[in-house]
Amino acid sequence: MRWSQLFTKTRREVSSSEAAANARLLIQAGYIHKEMAGVYAYLPLGKRVLDKIANIVRQEMNGIGGLEVQMTVLQPKELWQKTGRWDDNKIDNWFKTRLKNGSELGVGLTHEEPIVDAVGEYLKSYKDLPLLIYQIQNKFRNELRAKSGLLRGREFVMKDMYSFAASPRQHDEIYQTVLEAYGRVYARLGIGEITFRTFADGGIFTDKFSDEFQTISPVGEDTILVDRSKKVAVNQEIMRSPGLAKLGLNTDSMENARGVEVGNTFHLETKYTDALGVNFTDAEGKQQPVYMGCYGIGISRLMGLLAEHFADDKGLSWPDGVAPFKVHLLSLGQDKKIIEAADGLYDLFNSKQVEVFYDDRPARPGEKLADSELLGIPHRLVVGHRFLQDGRFEYAARRDLSKAGLLTEEQIFATIL
RNA sequence: CGGGAUGUGGCGCAGCUUGGUAGCGCACACGGCUGGGGGCCGUGGGGUCGCAGGUUCAAAUCCUGUCAUCCCGACCA
């Protein structure tokens with residue numbers, strides 16, 4: 001993509017009414033647009049990052065047999081009444097609306113009921129199990145207080161997966177598989193080292209703990225205790241839980257930290273399947289209950305976390321896997337030979353399917369260089385006066401601008417791509 | 001939802017205390033000079049001062065209400 005085709009611009013200043021560093025950076029760089037508190041639109045660059053994150057999650061979920069679906073945002077009241085969750089005292093952060101005829105509807109904040117309802121139509125035999133179904137969609141929660149930019153919104157992008165198993169044992173196997181896939185997701189996002197499986201409150205359906213994935217960050221909302229050697233953590237909320245002792249952790253010696261919850265997996269037992277009448281026939285012809293788990297990853301929250309974590313005083317600095325483009329190409333100067341060389345390199349990248357962002361604006365060098373650092377694309381190539389001298393391009397990695405070097409066209413493709 | 005703060009061209013801000021012609025920077029448009037770290041000069045367009053009442057000869061400024069935004073807390077099944 002050429003910058004001249006892009007409608008967004010970077011800015012020098014960001015509204016003081018946006019305090020969160022992640023949102024300020026993303027707004028300054030033109031990745032997102034704030035619609036209202038806790039509600040952000042994703043502009044071309046931001047949409048690319050969001051999709052990159054979603055695709056990493058998608059690949060890992062597909063890799064363990066997950067089947068992607070798209071569920072509805074509008075949900076019928078009757079379905080939720082069957083599980084007792086329509087009541088505002090049970091779930092108080094729903095957006096609800098009405099049909100013209102007066103019927104009440106829910107605006108999707110989670111999809112256990114609709115998923116079970118839909119899957120139940122097909123799930124009849126032990127031969128149909130296990131099942132892993134997931135969705136990557138916008139979800140809506142009427143938070144009393146949105147905060148921290150993309151970290152806690154009222155409309156957000158979430159991956160939710162739901163597992164269906166024929167027995168507690170089969171459920172545990174699936175659950176373990178999902179945990180491993182989650183670990184791969186965070187590793188690919190570049191936050192594997194600072195993200196910990198964290199024991200947390202399991203919710204009202206089970207006496208088991210749930211597992212959160214907490215990424216250590218000063219902007220985290222949760223307080224956790226971390227054991228780096230065992231690569232696990234404990235949410236402070238379960239410090240007084242009777243089950244804590246069984247974990248075999250010495251919480252006295254664990255490190256206190258703030259964490260951003262970037263994932264959460266629950267054991268749902270048979271709560272939803274029972275309530276919605278979904279069961280299966282076993283090999284002996286008997287009806288048996290279906291054991292469920294649910295597994296969330298906040299896609300847009302991850303984008304906020306990554307923006308916040310991978311940044312310095314010059315701007316964003318995306319990990320390779322989620323950057324909107326791999327290469328930031330920019331021409332400095334209006335010399336025809338420079339423009340021609342930059343155009344040629346741009347075409348070459350495109351022909352080799354290398355994702356390239358080409359700053360072809362007739363702007364001043366300082367502005368273009370500063371913008372490249374703000375946008376945070378991992379690899380920068382400058383076509384400038386050095387090219388006129390000896391035909392080489394100036395290369396710098398966003399993470400290490402001090403180690404800039406000169407490369408020939410061949411070296412570019414041999415060393416950095 | 002409790003407490004605190006803030007709303008002035010697209011963005012960042014000043015003006016408000018002590019009421020009297022709405023201003024600066026950035027951005028934008030045009031012209032010129034520049035050309036490796038957000039450069040310079042000139043010209044121009046764009047604002048019912050969040051909204052609604054009230055006080056006053058007169059309100060961005062004072063009063064009341066309301067909406068929005070941010071922060072702290074509570075909440076986050």
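Here is the naming used below: chain letters follow the sequence lines, and residue numbers restart at 1 for every chain. These numbers come from the heavy atoms of this one structure, side chains and all, not from hydrogens, waters or symmetry mates. All figures in this text were calculated on a predicted structure; none of them were measured in a lab.
Across all strands, A/Leu401 comes closer than 4.0 Å to no nucleic acid atom at all (heavy-atom distances). Counting any heavy atom pair closer than 4.0 Å across all strands shown, A/Arg301 reaches no nucleic acid atom. Within 4.0 Å of A/Glu112, counting heavy atoms only, lies no atom of the nucleic acid at all. Contact annotation for A/Glu373: base contact, defined as any heavy-atom pair under 4.0 Å involving a base atom.
A perpendicular orientation is assigned to the rings of A/His328 and A/Phe357, their planes being inclined by more than 60° (bins at 30° and 60°). Taking the six-membered ring where the residue is Trp, A/Tyr182 and A/Tyr295 present perpendicular rings, their angle passing 60° and hence far from 30°.
Under a 4.0 Å N-O distance rule, the pair A/Arg58/A/Asp51 does not qualify as a salt bridge. Between A/Lys139 and A/Asp160 there is a salt bridge, since at least one side-chain N of the basic residue sits less than 4.0 Å from a carboxylate O of the acidic one. For the pair A/Glu394 and A/Arg386, the salt-bridge criterion is not met [side-chain N within less than 4.0 Å of a carboxylate O].
If you take CD1 of A/Ile27 and C1' of B/G12, they are 13 Å apart, rounded to a whole angstrom. Counting to the nearest Å, the C1' atom of B/A77 and the CD atom of A/Glu212 are 13 Å from each other. Nucleotide B/C71 holds its C1' atom 15 Å from the CG atom of A/Leu151, rounded to whole Å. Between the CZ atom of A/Arg11 and the P atom of B/A27 there is a distance of 13 Å, rounded to whole Å. Atom-to-atom, CG of A/Asn89 to P of B/C76 comes out at 13 Å; the value is rounded to the nearest Å. Here the P atom of nucleotide B/A77 and the OH atom of A/Tyr272 are 11 Å apart, to the nearest Å. Rounded to a whole Å, the CH2 atom of A/Trp94 is 18 Å from the C1' atom of B/C75. As rounded to whole Å, 12 Å separates atom P of B/C76 from atom CG of A/Asp222.
The residue among A/Gly149 and A/Gln28 whose nearest nucleotide of RNA chain B is located toward the 5' end is A/Gln28. Nearest-nucleotide positions on RNA chain B place A/Val14 closer to the 5' end than the other of A/Glu221 and A/Val14.
For A/Gln70, the side chain to side chain donor-acceptor pair (under 3.5 Å) test picks out no residue, with sequence neighbours left out. With sequence neighbours left out, A/Lys208 forms a salt bridge (Lys or Arg N to Asp or Glu O under 4.0 Å) with A/Asp172. With sequence neighbours left out, the side chain to side chain donor-acceptor pair (under 3.5 Å) criterion links A/Asn138 to A/Glu155. By the side chain to side chain contact (heavy atoms under 4.5 Å, CB included) test, A/Pro365 pairs with A/Leu332, sequence neighbours left out. By the ring-ring contact (aromatic ring centres under 6.0 Å, His included) test, A/Phe349 pairs with A/Phe413, sequence neighbours left out. Remark: A/Asp252 engages no residue in a salt bridge (Lys or Arg N to Asp or Glu O under 4.0 Å) (not counting sequence neighbours).
Between B/U69 and B/C51, the distance separating the two C1' atoms is 15 Å to the nearest Å. Spacing between B/C57 and B/G50 at atom C1', rounded to whole Å, works out to 27 Å. Separation of the C1' atoms belonging to B/C24 and B/C63 is 30 Å when rounded to the nearest angstrom. For the P atoms, the distance linking B/G25 with B/A60 amounts to 23 Å, nearest Å. Of the P atoms belonging to B/G39 and B/C26, the separation is 9 Å, rounded to the nearest Å. Comparing the C1' positions of B/G12 and B/C70 gives a spacing of 16 Å, expressed to the nearest Å. Straight-line distance between the C1' atoms of B/G23 and B/U61: roughly 15 Å, to the nearest whole Å. Comparing the P positions of B/U6 and B/A74 gives a spacing of 24 Å, expressed to the nearest Å.
RNA chain B is contacted by A/Leu332, A/Gln334 of residues 324-335 of chain A, taking any non-hydrogen atom closer than 4.0 Å. Using a 4.0 Å cutoff on non-hydrogen atoms, the parts of residues 15-22 of chain A near RNA chain B are A/Ser15, A/Ser16, A/Ser17, A/Ala19, ordered by number. Non-hydrogen atoms lying under 4.0 Å from RNA chain B are contributed by A/Lys34, A/Met36, A/Ala37, all within residues 30-44 of chain A.
The phosphate of B/A77 has neither OP1 nor OP2 within less than 4.0 Å of any side-chain N or O from A/Arg141.
Applying the ring-ring contact (aromatic ring centres under 6.0 Å, His included) definition to pairs two or more places apart or across chains, those involving residues 78-97 of chain A are A/Trp80-A/Trp94, A/Trp86-A/Trp94.
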Tabulate below the donor-acceptor pairs under 3.5 Å that side-chain atoms of residues 297-306 of chain A make, not counting sequence neighbours, or state none.
from, atom 1, to, atom 2, distance (Å)
A/Ser300, OG, A/Val157, N, 2.9
A/Ser300, OG, A/Val157, O, 3.4
A/Arg301, NE, A/Leu151, O, 2.8
A/Arg301, NH1, A/Glu261, O, 2.7
A/Arg301, NH2, A/Leu151, O, 3.1

Using nucleotides 39-43 of chain B, report all nitrogen or oxygen pairs with the protein that are shorter than 3.5 Å.
from, atom 1, to, atom 2, distance (Å)
B/G39, N7, A/Arg364, NE, 2.9
B/G39, N7, A/Arg364, NH1, 3.1

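Both distances falling under 3.5 Å, in either a Watson-Crick or a G-U wobble arrangement, occur for no nucleotide opposite B/C76. Of all nucleotides present, none satisfies the Watson-Crick or G-U wobble test against B/U61 with each distance under 3.5 Å. Under the Watson-Crick and G-U wobble criteria, each requiring two contacts below 3.5 Å, nucleotide B/G35 is left unpaired. Base pairing annotation: B/G25 forms a Watson-Crick or G-U wobble pair with B/C11, both donor-acceptor distances under 3.5 Å. B/C16: no Watson-Crick or G-U partner with both key distances under 3.5 Å is found in any strand. Across all strands shown, B/G42 forms a Watson-Crick or G-U wobble pair, both distances under 3.5 Å, with B/C30. In this structure B/C49 sits in no base pair that meets the Watson-Crick or G-U test at under 3.5 Å.
Distance from the side chain of A/Leu144 is smallest to B/C1 among B/G37, B/G38, B/C1. Picking from B/A77, B/C72, B/G25 the nucleotide with the shortest atom distance to the side chain of A/Leu109 gives B/A77. Proximity note for A/Arg380 (side chain, C-beta onward) versus B/G37, B/G25, B/A77: the nearest is B/G37.
In A/Phe7, the CZ atom is crowded: over 12 heavy atoms of neighbouring residues, nucleotides or ligands sit closer than 6.0 Å. Counting non-hydrogen atoms of neighbouring residues, nucleotides and ligands closer than 6.0 angstrom, the NZ atom of A/Lys337 reaches no more than 12 such neighbours.
In the model, A/Thr215 has no side-chain atom that pairs as donor or acceptor with a side-chain atom of A/Ser217 under 3.5 Å. Between the side chains of A/Ser163 and A/Tyr175, no donor-acceptor pair of N or O atoms lies under 3.5 Å.
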